[in-house]
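All remarks here apply to the structure that follows.
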Amino acid sequence: QTRGVTDDEIVIGGFHDLSGGFAAFSVPAVEAANQLFEEVNAAGGIHGRQIRYIVEDHGYQVPRAAQAANKLVNRDEVFAMLLSLGTPHNLAAFRVMDPNNVPSVFPLTAARQMLEGPEELRYVATASYYDAVRAATGFLIESEGIERVCSMYIPSDFGEEIHMATVDEAGDTDGVEYLTETTHRPDESDFTGALARLREEGCELITVALTIRPTITVVATAKQMGWDDARFLVSSAGFHTAVAKVPGGVTEGLYAGAGWQDLEARMDTPEVAEWVAAMQERTGEFPGTGALLGRSAAEALIRALEEAGPDLTLESFTAAMETLNYDDAIAGNRMEMGPGDHAGATEIFISQIQDGGWVLIDSVETE
Amino acid sequence: MRVHFKKSYDEDIRLFEDWRRAAKYGVLIALMTALPFLISDYILGEVTLVLVWCIAGMGLMILAGHTGQVSLGHAAFMAIGAFSNLWFMSQGMHFLIALPLAAIFTGVIGAVIALPILRLSGIYLAIATLALSIIVEDIAIVAEPYTGGVAGVFAPPIEMFGLTIDRYGSPKAFYWMCLICVVVVTLGYANLLRSATGRSFLAVRDSEVSARALGVNVTRTKALAFGLSCAVTGLAGALYAHFIQIVNYESFLILISITLVLQVVIGGLGSIHGAFFGAIVVGLLPQGIAILRDFLQGSVGIDISAYPGIDTAVFAAIIVAIVIYEPLGLYGFYMKLKAQWQLFPLARRDMFRRSKSYLKTERMR
Amino acid sequence: MSLLSVTDLAIHFGGVKAVDGVSFEVEPGEVFTIVGPNGAGKSTIFNLISRFYQPTHGRIVFDGEDITNTPAHHIAELGIARTFQNIELFDHSTVLQNLLVGRHTKRRATWLEDVLHLPRSRSNEREARRAVEEVIDFLDLAAYRDKMIAGLPYGVRKVVEIARALACNPRLILLDEPASGLSVEETSDMAFWIEDMQKDLGLTVLMVEHDMSLVSAVSDRVLAVAEGKPLAMGTSAEVQSDPKVIEAYLGTAA
Amino acid sequence: MDVAQLLIGGIANGCIYGLVALGFVLIYKASEAVNFAQGDMLMLGAFLGLTFINSDRADLPFVVGITAAAICLGAFAYALDRFVLRAIFGQPHFAMVILTIALGFILRFAAGSIWGYDPVSLETPFAGEILRFGGLTLAVADLIIIVATCALTMVLWLFFAKTRLGVAMQASSQNQMAAYYMGIPVKRVNSIVWALSGVVSAIAGVLFAAKGAIEPAVGLLFGIKAFAAAVIGGFGSLPGALMGGLLIGVVEQFAARYAPSGTAQIAPYALMLLVLILRPGGLFAQIAQKKV
Amino acid sequence: MKDLNHNVLEVRNVETFYGPIMALRGVSIDVPEGQIVTILGANGAGKTTLMKTVSGALDPEKGTVSFLGERVDGDEPDRMVRRGMAHVPEGREVFPFLTVEENLRLGAYTRRDGGIGDDMEMVFSYFPILKERRAQQAGTLSGGQQQMLAIGRGLMARPRLMLLDEPSLGLSPLLVQEIFAIIRRLNEEQGVTMLLVEQNAQVALNTADFGYVLEIGRIVMAGEASKLLGSEDIQEFYLGGGHAGGPREQKRWKRRKTWR
Ligand SMILES: Nc1ncnc2c1ncn2[C@@H]1O[C@H](COP(=O)(O)OP(=O)(O)OP(=O)(O)O)[C@@H](O)[C@H]1O
Ligand SMILES: Nc1ncnc2c1ncn2[C@@H]1O[C@H](COP(=O)(O)OP(=O)(O)OP(=O)(O)O)[C@@H](O)[C@H]1O
Ligand SMILES: [Mg+2]
Ligand SMILES: [Mg+2]
């Protein structure tokens with residue numbers, strides 16, 4: 001008997017930040033996942049089994065995440081974890097998941113550590129921040145003829161990855177120099193000083209690893225300073241419809257490198273339109289990044305469970321995951337895994353804000 | 001109501017005023033020792049975490065409850081305890097040495113930090129400690145050789161007396177280890193309170209002016225209280241690191257400090273019991289709510305999880321209710337229950353109705 | 001040699017000259033009283049002696065030692081204890097605990113010994129309890145021993161404050177209006193206690209008081225001050241009959 | 001030149017800190033309670049403003065919308081004090097701290113449930129508008145913030161110092177029982193000041209939202225910084241709150257410009273520690289040594 | 001003239017608790033219009049508790065308080081002030097961070113008439129030092145100066161009934177005389193009714209028309225002030241008379257009061 005699997009139910013767990021600083025990712029992701037699960041369940045489930053997604057809230061506190069993991073693994077005996085949020089939170093949870101053979105499916109953190117550990121238990125959805133920013137930086141260096149790059153980041157696991165990606169890409173490209181960086185805290189709200197410094201140094205491309213609100217302020221402030229030839233690049237964390245929608249066009253021209261495509265530009269795709277309508281019905285809002293990630297992950301899980309057949313075990317699940325290979329219409333990327341390759345979509349999409357919306361300019365295949 | 005006839009000063013100095021009390025706590029300890037055989041590993045894990053919170057809570061209680069100095073940044077000292085313990089262990093030190101050493105190290109750092117910020121009090125101290133904890137967060141990233149930077153450090157399993165103590169591998173052993181720590185810290189705390197040092201803490205809390213007039217060196221006393229508090233919190237941090245098994249700078253964010261403050265206030269400021277009651281609430285209530293939520297969904301079909309974040313909101317609402325019902329914390333409630341029990345059947349129902357009360361400025365010190 | 005000698009003491013708060021050139025000497029074993037109108041600077045003199053304020057001018061010598069720059073928390077150790085006009089007790093502790101804090105300067109055990117409750121800590125505790133019980137007995141506080149200060153009536157608190165000062169085993173005790181808020185009967189008790197302090201405990205008493213019956217009953221010498229300056233000095237009767245004192249302080253009916 | 005621009009940026013941003021800090025100080029000044037949900041009040045104000053102003057919502061003119069938000073939040077804060085906080089009137093401030101922390105969680109939950117968790121932007125008539133004088137630039141939004149903050153600080157300061165109700169509020173914070181004996185309805189006065197703080201928070205929230213996107217958790221981070229600003233200023237002093245905000249705002253910019261990267265982000269906190277160590281009561285100290 | 005039938009204040013069978021501690025055990029008193037009524041009692045008898053219960057700072061558990069014919073128990077204290085009751089509390093309770101002048105103005109908080117300035121001058125004429133220190137923060141005044149301020153602040157309300165809890169606390173002998181002269185004058189000239197608690201029973205009874213004796217939360221004696229002055233028990237326990245002539249040591253033998 002496989003844990004979390006009964007004749008009529010598959011129990012999936014997830015720990016999330018539903019009440020803290022990252023609720024903007026977690027809540028829509030959970031909503032989107034639940035939306036799909038409800039659809040699947042209404043259609044009879046997977047091989048006759050209903051999906052039950054138990055979500056625990058940790059409010060971005062590690063001890064509560066450990067408690068949640070303990071509950072989900074030891075009490076609820078979940079089959080797998082889906083979309084769990086937070087780097088240290090996931091790392092702490094792995095300690096109880098691994099001995100119990102609970103796979104971690106598409107955690108909501110793009111830290112590279114999410115793939116370290118027992119291979120059959122680790123799956124990530126898209127390229128890491130590192131890969132995405134590195135690829136996008138490389139693309140911009142080439143297409144825009146940039147020679148001096150810089151970065152602005154919050155010294156955290158997320159910020160460090162983007163910083164390192166920038167440094168590494170500059171270091172590996174001839175004639176390109178990594179100049180400097182400025183460091184920030186998530187609570188900062190004005191960047192005159194930092195931008196003055198980067199401008200002084202002569203930065204041409206600046207990778208930005210901040211949260212959404214500060215990102216908007218950075219771009220707006222640069223415009224305000226009359227610094228028009230600077231190019232700003234954000235990772236998937238800043239690749240959000242709201243950024244493009246800021247009134248007054250202050251974010252015009254911002255670049256993003258992410259593992260998926262913006263939704264708004266693809267509303268003519270029927271699947272996208274249908275899903276957006278369903279989500280709007282459900283939450284009253286146009287789905288954002290979190291929802292898209294939640295949907296993608298849930299879809300991959302469903303497909304794998306379907307593929308694994310009625311005899312669901314960790315082995316059959318692993319095998320099924322490794323055969324996943326399909327176009328994710330909603331994320332606009334290709335989900336592809338294989339033995340030894342547990343990172344799903346690895347294509348990087350480079351977009352820019354033009355006329356109040358994200359426009360895809362290019363895509364790069366990593367690896 | 002029992003009346004004590006005291007025959008010697010020792011009866012006041014003793015930890016337990018009579019054999020009944022001693023017996024009561026004896027039974028409690030026996031029960032706690034036997035607990036791993038009575039409950040599942042899941043609940044045991046939760047109880048273990050509560051024990052860790054008890055220690056951290058006692059650490060803050062020394063400062064906030066007994067010396068009247070509020071710290072909004074105590075998670076920083078948990079961090080220092082955790083990282084130093086793991087670093088000492090990584091240098092080949094045995095856990096049994098690394099653990100107390102981490103506590104001492106944190107205590108010394110606390111006392112040193114205390115010196116410049118001692119002149120502060122009230123919210124000024126609170127915000128200064130908050131700033132400190134923010135700075136420590138960033139130091140934890142910069143001090144990569146010791147803290148593992150953003151990636152953090154993994155806690156190695158503890159080898160002791162030929163057995164491995166691991167939170168998940170051998171939860172019972174880990175639990176007992178925490179229990180021993182709790183008992184030791186509680187004993188030390190109780191000793192402190194019945195001594196001149198403990199009274200000087202109370203004196204500083206209630207009236208700095210008279211404390212000084214009576215020869216209490218207020219600065220030194222505050223530094224000592226801060227140091228002791230940090231040492232205990234550091235110890236909790238070290239145990240916490242082994243409980244979570246991986247710590248990085250994000251394991252000790254401000255929210256943890258705030259939770260600690262919440263814990264001691266809800267428990268009841270100024271009593272050791274309070275630290276325990278608070279730990280139970282903060283440690284177990286969210287799990288209780290989650291289980292109740294699952295139960296509601298499974299049996300009655302009420303799916304409150306359709307409202308994301310409602311667990312935390314319910315938790316907060318319960319905290320609101322507790323504070324409104326018992327502003328002085330659960331310890332006050334416990335004392336009332338006890339008094340009613342002892343007075344039975346003479347207790348008046350409205351005996352503990354709150355009478356009107358008024359505040360005066362605390363800006364005059 | 002006098003126990004306490006104050007020379008030309010002065011302190012200013014902004015424009016207010018609270019104390020302005022006061023000198024006096026307190027002899028060992030005497031009861032020395034300072035009287036004067038409200039705001040004359042009496043409490044301020046106490047605060048200067050117990051080193052809460054730094055004088056702008058002047059010298060304070062206790063038992064041959066210049067204490068003008070001694071930190072406040074060393075004063076108790078030297079043997080000076082005090083009470084406060086507005087009562088400064090540890091409100092959330094019991095009477096017993098309050099008095100035990102009075103023994104703070106007599107402890108020998110370090111904090112580490114206290115945490116581990118080593119023998120020296122325990123013997124300290126016993127010794128403190130014994131000393132405190134004597135004070136409780138002396139001031140008849142046994143009924144209140146385990147009561148919280150917060151719920152005690154004003155008069156009892158007043159006595160507890162004196163008890164706490166006595167628990168320090170001082171040589172000089174400063175009493176700031178010990179009888180204010182006490183009834184006639186309690187005031188006469190207070191007179192006996194002060195007498196006992198002087199005679200039985202061998203204390204020197206420096207007192208500020210407005211109740212002239214108490215002042216006359218116990219004082220060996222009285223100093224009258226007004227507006228920070230000395231006005232008259234002498235026995236209680238002498239000072240009370242001084243016309244300047246009558247005009248500034250006592251009024252005609254006294 | 002560079003320095004002047006930094007100064008302007010710092011001042012504009014510092015004014016927002018100051019504006020939020022005003023909300024803290026108001027409540028403290030009238031009851032010596034610290035409202036740890038102040039950041040969340042800001043967030044609520046921002047969302048209310050957005051609901052009234054954005055074109056896909058009520059689509060009211062900006063000034064009307066901000067007024068409506070201020071009225072709503074004021075009424076809400078009044079009710080909050082009247083029906084929840086009043087239950088612990090006269091109890092130690094610690095109880096209030098915990099209560100407001102818990103209320104903050106509930107407010108964030110409520111906001112998330114009502115407005116969703118995705119960041120949204122406020123539409124303002126002055127978005128992206130920039131003023132240039134000499135080589136210096138100043139966003140119109142910043143100008144409005146500076147003017148509004150200074151004006152509010154001034155008005156509130158006058159209110160507290162000069163009006164009968166203002167002095168009564170101060171009295172209530174210093175001695176509740178004596179204030180009652182003066183005939184001051186202390187509980188009602190507390191509710192009024194909460195309402196006032198709600199109004200200020202709404203204004204702060206809308207102006208804050210005008211500079212970028214908002215989401216339910218935004219108050220959590222920002223509240224702490226504004227709290228710090230209030231404390232640096234000397235908690236309880238209205239001009240102090242503004243000064244504290246400005247100090248943090250300006251130092252932040254200069255640190256980002258000149259301090260070595262990796263340490264710049266903690267400069268405001270380090271500075272705050274320094275200020276407090278040198279002046280334990282903040283810049284405009286509101287504490288005093290007890291006269292015994 | 002003094003109308004004995006009209007009571008400004010009537011307290012009936014009041015019981016007040018501090019948590020489980022019963023501080024008033026069924027107290028009834030009357031304060032007739034235009035009179036000065038004093039309450040005597042040892043430390044901890046419950047005098048302050050009674051005053052607070054009357055002015056609404058504490059709620060009685062049982063019993064009623066009527067002021068000007070209206071039941072007021074359970075009301076908030078500010079309502080009493082609006083009805084015309086001023087309470088000068090025990091222990092000063094000034095607003096330490098406000099100036100002397102602001103403190104005084106707050107005394108007239110509920111008044112809307114224009115006489116506030118005149119009354120302020122009146123208070124200043126009683127206590128000239130307050131005028132001198134009008135801009136000083138009240139918290140830095142000396143103990144006696146704060147007491148003057150508290151009394152002055154009470155006068156600013158122009159009350160119909162004034163509750164004075166140990167007004168002479170910490171005042172110099174000269175000022176004690178003046179305070180009682182002021183009390184009498186206000187009573188006679190402006191007809192202010194007074195309820196007075198005072199440790200100095202001699203002065204209190206000399207000033208008052210009527211007196212109550214409160215012990216351990218109960219009224220144990222009541223009567224005309226002049227009668228009480230003559231009473232032997234009162235002489236002995238409250239006026240320091242009794243065995244005044246006897247040797248001190250004899251009195252030291254702690255005698256218990258008859259009704260304890
Ligand atoms: N910290 C201070 N700031 C300003 N003035 C002060 C301060 N302390 C005392 N004073 C002033 O100094 C004078 C003396 O005060 P002090 O308390 O010594 O008087 P006192 O003689 O004890 O009077 P009382 O009999 O009323 O207690 C008073 O006028 C008082 O206002
Ligand atoms: N806050 C409190 N908590 C508990 N008990 C109290 C409290 N305040 C007063 N008491 C008790 O109530 C009784 C009456 O106190 P109260 O202050 O009314 O006495 P009093 O007659 O005014 O005394 P005094 O002359 O000392 O002012 C006392 O026994 C006292 O111990
Ligand atoms: Mg004095
Ligand atoms: Mg009294």
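- In this structure, D:Phe208 and D:Phe222 have tilted ring planes: the angle between them lies in the 30° to 60° band.
- By the side chain to side chain donor-acceptor pair (under 3.5 Å) test, A:Thr180 pairs with no residue at all, sequence neighbours left out.
- Once rounded to the nearest 0.5 Å, the distance linking CD1 of A:Ile212 with OG1 of A:Thr251 reads 11.5 Å.
- Neither the backbone nor the side chain of D:Ile8 comes within contact range of chain A; no heavy atom of the residue lies under 4.5 Å from a heavy atom of that chain.
- Taking the centre of each ring, A:Phe158 and A:Tyr153 stay at or above the 6.0 Å mark.
- The parts of D:Lys211 that come within reach of chain A are both its backbone and its side chain, each placing non-hydrogen atoms under 4.5 angstrom from that chain.
- Ranked by non-hydrogen atom pairs under 4.5 Å with chain A, the options D:Ala267, D:Pro268, D:Ser121 are led by D:Ser121.
- Considering only heavy-atom pairs separated by less than 4.5 Å from chain D, the leading option among A:Val246, A:Thr215, A:Thr217 is A:Val246.
- When the ring-ring contact (aromatic ring centres under 6.0 Å, His included) test is applied to D:Phe47, the partners found at least two apart in sequence or on another chain are D:Trp115.
- The part of A:Val250 that comes within reach of chain D is its side chain, from C-beta onward, which places non-hydrogen atoms under 4.5 angstrom from that chain.
- With a 6.0 Å radius and a threshold of 12 heavy atoms from other residues, nucleotides or ligands, A:Met225 has its CE atom above the threshold.
- Residues D:Val231 and D:Phe24 are not in side-chain contact: their nearest non-hydrogen atoms beyond the backbone lie 4.5 Å or more apart.
- By number of non-hydrogen pairs under 4.5 angstrom with chain D, the leading residue of A:Ala196, A:Ser189, A:Gly290 is A:Ser189.
- Both the backbone and the side chain of D:Glu123 come within contact range of chain A, judged by heavy atoms closer than 4.5 Å.
- Annotation: residues 199-207 of chain A contacts chain D through A:Glu200 [non-hydrogen atoms, separation under 4.5 Å].
- Interatomic distance, A:Ser351 OG to A:Phe239 CZ, rounded to the nearest 0.5 Å: 3.5 Å.
- Using a 4.5 Å cut-off between heavy atoms, A:Ala23 contacts chain D through both its backbone and its side chain.
- Listed options D:Gly249, D:Ala264, D:Ala213, D:Ala127 were ranked by heavy-atom pairs under 4.5 angstrom with chain A; first place goes to D:Ala213.
- Looking at A:Leu195, neither its backbone nor its side chain comes within 4.5 Å of chain D, counting heavy atoms on both sides.
- Minimum interatomic distance between D:Gln38 and D:Val20 (heavy atoms only, all atoms of both residues): CG-O, 4.1 Å.
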- Item | Stepwise side-chain hydrogen bond (donor to acceptor under 3.5 Å, both in side chains) test for A:Thr166 and A:Thr137 | CA-CA 7 Å; A:Thr166 320; A:Thr137 306; 5.0 Å; no
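- Heavy-atom distances place the backbone of A:Phe286, and not its side chain, under 4.5 Å from chain D.
- The ring of A:Phe25 has its center no closer than 6.0 angstrom to the ring center of A:His240.
- For the atom pair A:Leu108 CG and A:Ser26 OG, the distance stands at 6.0 Å (nearest 0.5 Å).
- Proximity to chain A is absent for every atom of D:Ser113, based on heavy atoms less than 4.5 angstrom apart.
- Using cut-offs of 30° and 60° on the angle between ring planes, the pair A:His89 and A:Tyr60 is tilted.
- Both the backbone and the side chain of A:Glu181 come within less than 4.5 Å of a heavy atom of chain D.
- Both tests pass for D:Arg108 against the ring of D:Phe105: distance under 6.0 Å to the centre and angle within 45° of the axis.
- Only the backbone of D:Pro260 comes within contact range of chain A, with heavy atoms under 4.5 Å apart.
- With a 4.5 Å cut-off on non-hydrogen atoms, A:Pro28 touches chain D through its side chain but not through its backbone.
- Between D:Ala148 and D:Leu207, the shortest heavy-atom distance links the atoms CB-CD1, 3.8 Å.
- Heavy atoms closer than 4.5 Å to chain A are found nowhere in D:Ala141, neither backbone nor side chain.
- No other option in D:Leu221, D:Asp118, D:Ile130, D:Thr137 has as many heavy-atom pairs under 4.5 Å with chain A as D:Asp118.
- Chain D forms the most heavy-atom pairs under 4.5 Å with one residue out of A:Glu188, A:Glu31, A:Lys223, and that residue is A:Glu188.
- Put simply, of D:Gly14, D:Gly112, D:Gly116, D:Pro216, the one with the most heavy-atom pairs under 4.5 Å next to chain A is D:Gly116.
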- CA sep, side-chain torsions, deciding dist, call: A:Tyr129, A:His163, ring-ring contact (aromatic ring centres under 6.0 Å, His included): CA-CA 10 Å; A:Tyr129 292 131; A:His163 172 221; over 10 Å; no
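- Of the atoms belonging to D:Ala259, it is backbone heavy atoms, and not side-chain ones, that fall under 4.5 Å from chain A.
- Residues passing the ring-ring contact (aromatic ring centres under 6.0 Å, His included) test with A:His184 are A:Phe191, sequence neighbours excluded.
- Ranked by heavy-atom pairs under 4.5 Å with chain D, the first of A:Gly248, A:Ala194, A:Ala242 is A:Ala194.
- Neither the backbone nor the side chain of A:Thr283 comes within less than 4.5 Å of any heavy atom of chain D.
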